[in-house]
Amino acid sequence: KNTVFYQLFIPHCSIHLSLYFLFTNDAEGRLHQSQVAVFLLTYLGPPFNEKDFSPPRPNSTALSLPSAATRLELWHGLENQARLAQNQKAYSVLLAAVRELARSTLCPALKTSLLHFCTGLDGLLGSISALMTTLGYALPPPSANMEMRPTMNDFAKKVEGFWILRELQSWLWRSAKDFNRLKKRLRG
Amino acid sequence: MYVCFHHPDEAVISPQDPVLYIGSSLTATCTLSPELGLHASTLYWTLNGISVSSSAYSVLSPDTLSITLQNLNGSQQQSGDNLVCHGADGHVLAGSCLYVGRPPEKPVNLTCWSHNTKDLSCKWSPGGLGETHIQTKYTLKYKLRWYGREKECEVYNTGKQRYSCYIPRNLALFTPYEIWVEAANQLGSATSDITTLDILDVVTTDPPANVQVSRVGDLEDQLTVRWASPPELKDILFQAKYQIRYRLEDSTEWKVVDDVGNQTSCRLAGLQPGTVYFVQVRCNPVGIYGSRKPGIWSDWSHPAAASTPSSERLQSGSCDPKPGEQNSTLRRELKQFFGWVRKHASGCSGMSIKLYDQWRVWLQKSHKTRNQILQDDNS
């Protein structure tokens with residue numbers, strides 16, 4: 001299987017948090033991009049699927065999510081509520097973005113793969129929201145659906161798709177650490 | 001309040017997302033934003049990640065570099081070829097997706113079949129060179145011949161079987177349909193010839209049911225095959241034809257028995273003794289509801305197997321096999337033994353050396369008694 005299924009049981013509440021990684025571990029534990037990622041990048045075509053390719057990050061609504069990258073001391077000191085809120089916001093934006101990616105793709109097999117992946121993301125988002133509610137944290141109001149998307153040419157859409165994938169990978173990698181941290185803090 | 005910040009693009013390529021014919025040429029331009037402070041002569045182009053030779057470039061002005069691509073090949077991927085304008089350090093300034101292909105040709109080889117008269121599946125081939133390289137939509141359309149509105153098939157397959165479609169219901173019998181395929185893309189369109197067919201002429205059924213193969217008494221060279229007509233249509237398959245094929249267990253060559261007619265049993269003769277045969281049967285609903293056309297053969301049934309009686313018999317009085325014979329007959333005997341176990345001992349849990357000895361004893365009995373036991377077990 002190409003998705004590593006990571007389960008975390010938080011003792012204060014009977015909620016299982018599952019994370020679907022976009023990576024797999026090989027025999028030596030190194031991370032490789034999973035099938036969905038390779039599939040999408042192959043679909044976009046070279047140079048998108050080339051190692052080290054990095055187009056400038058667009059500033060579109062699809063990518064208006066908190067950055068996964070933070071300084072260590074800031075990340076370490078995050079309060080539970082803030083930590084969860086950042087995750088919740090990130091995956092809300094990413095879920096909508098991947099759904100739109102799936103909708104606009106011309107390859108039916110890729111569309112199916114991406115939609116299947118969305119099901120996992122939806123489950124993850126649901127778990128995070130449920131956990132926030134159980135811990136007594138207010139959920140942020142759902143952001144209004146910004147219909148005013150500036151028209152982008154197809155290449156710009158590809159660059160956006162490339163960055164959505166990148167943000168997704170960063171966030172999934174970070175969330176694993178976030179939830180481990182959360183688990184320790186809730187126990188103690 | 002949500003304020004939308006729109007960063008000016010660092011550069012703009014023109015044309016954006018063009019659709020072009022294979023073999024044509026394209027001249028594109030990359031125009032820089034003045035705030036970049038770059039000169040057009042420092043830029044370079046790549047197509048699908050590969051640098052394009054600067055002999056194709058032309059500096060039109062300090063902020064505009066053009067490129068002329070000639071004799072374009074069909075697009076490398078469905079999402080379009082990536083034409084990118086780079087700064088000297090490799091930085092991506094802008095991109096445009098090229099869609100290079102050809103208009104579709106008339107789809108050909110349209111064939112349809114109906115499963116049990118309930119539905120209609122059709123497949124076709126793209127005409128000409130086949131690959132158009134750009135997104136091409138195929139629509140299967142159908143209408144009743146002398147009246148009726150045009151309808152579109154909705155359930156298309158994907159992947160390798162994308163040139164096929166499935167109509168699940170609401171099909172009329174006894175009146176011909178006109179069926180055709182329309183192909184269209186951004187460079188043109190084409191329509192296949194119209195195929196006229198009557199659903200009853202293209203029916204295929206499920207394979208025959210309950211195929212069983214058994215020995216004919218003690219005859220070493222014969223086996224009997226019995227089957228039931230496919231359950232779904234058994235009430236109307238009066239004239240159905242059947243076909244049998246069989247082969248030796250280790251062989252890949254099938255022998256076909258063609259003139260089976262509409263019986264539901266057949267005797268195979270001229271077989272090798274003491275050998276395992278695999279047998280399959282299939283059905284053709286010819287003449288269904290008065291159709292005068294040959295129908296379509298069903299899939300072959302699951303293979304059924306049986307073995308012909310062995311010509312070597314352990315008729316000696318003692319319970320021990322003759323020393324020389326043991327190795328050569330052992331495997332064949334074991335095969336027959338397991339078949340017997342499945343029939344007479346419920347499941348494999350009853351297997352033991354005692355059972356094997358019992359079987360060896362049973363083999364000694366006369367064939368009359370053996371048939372008696374077989375009949376008793378079948379009741």
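All chains are named by letter (A, B, ...) in the order of the sequence lines, taking the proteins before the strands, and each is independently numbered beginning at 1. Note that the structure is predicted; figures quoted are calculated from it, not measured.
- With a 6.0 Å radius and a threshold of 12 heavy atoms from other residues, nucleotides or ligands, B:H39 has its NE2 atom above the threshold.
- Counting heavy atoms from C-beta outward, A:F155 and B:I13 have side chains that stay 4.5 Å or more apart.
- Around CD of B:E154, the count of heavy atoms belonging to other residues, nucleotides or ligands within 6.0 Å does not exceed 12.
- Under the 3.5 Å distance criterion, the side-chain polar atoms of A:K158 are left unmatched by any main-chain donor or acceptor of B:G95.
- Contacts of B:Y99 with chain A are made by side-chain atoms alone, with heavy-atom separations under 4.5 Å and no backbone atom involved.
- Residue-environment remark: NZ (B:K123) stays at or below the threshold of 12 foreign heavy atoms within 6.0 Å.
- Under a cut-off of 6.0 angstrom, the local environment of CD in B:E178 is crowded, with over 12 non-hydrogen atoms contributed by other residues, nucleotides or ligands.
- Contact detail for A:P56 and B:H91: the closest heavy-atom pair is CG-CE1, 4.2 Å.
- For the residue pair B:N48 and A:E50, the shortest heavy atom distance occurs at O-OE2, 4.4 Å.
- Here the side chain of B:N82 pairs a donor or acceptor atom with the backbone of A:P46 at under 3.5 angstrom.
- Other residues, nucleotides and ligands place more than 12 heavy atoms under 6.0 Å from the NZ atom of A:K111.
- Nearest heavy-atom pair across B:Q78 and A:Y43 is OE1-CE1, 4.3 Å.
- Scanning both residues, A:L44 and B:S79, for their nearest heavy atoms gives O-OG, 3.5 Å.
- No donor-acceptor pair under 3.5 Å is formed between the side chain of A:N153 and the backbone N or O of B:Q16.
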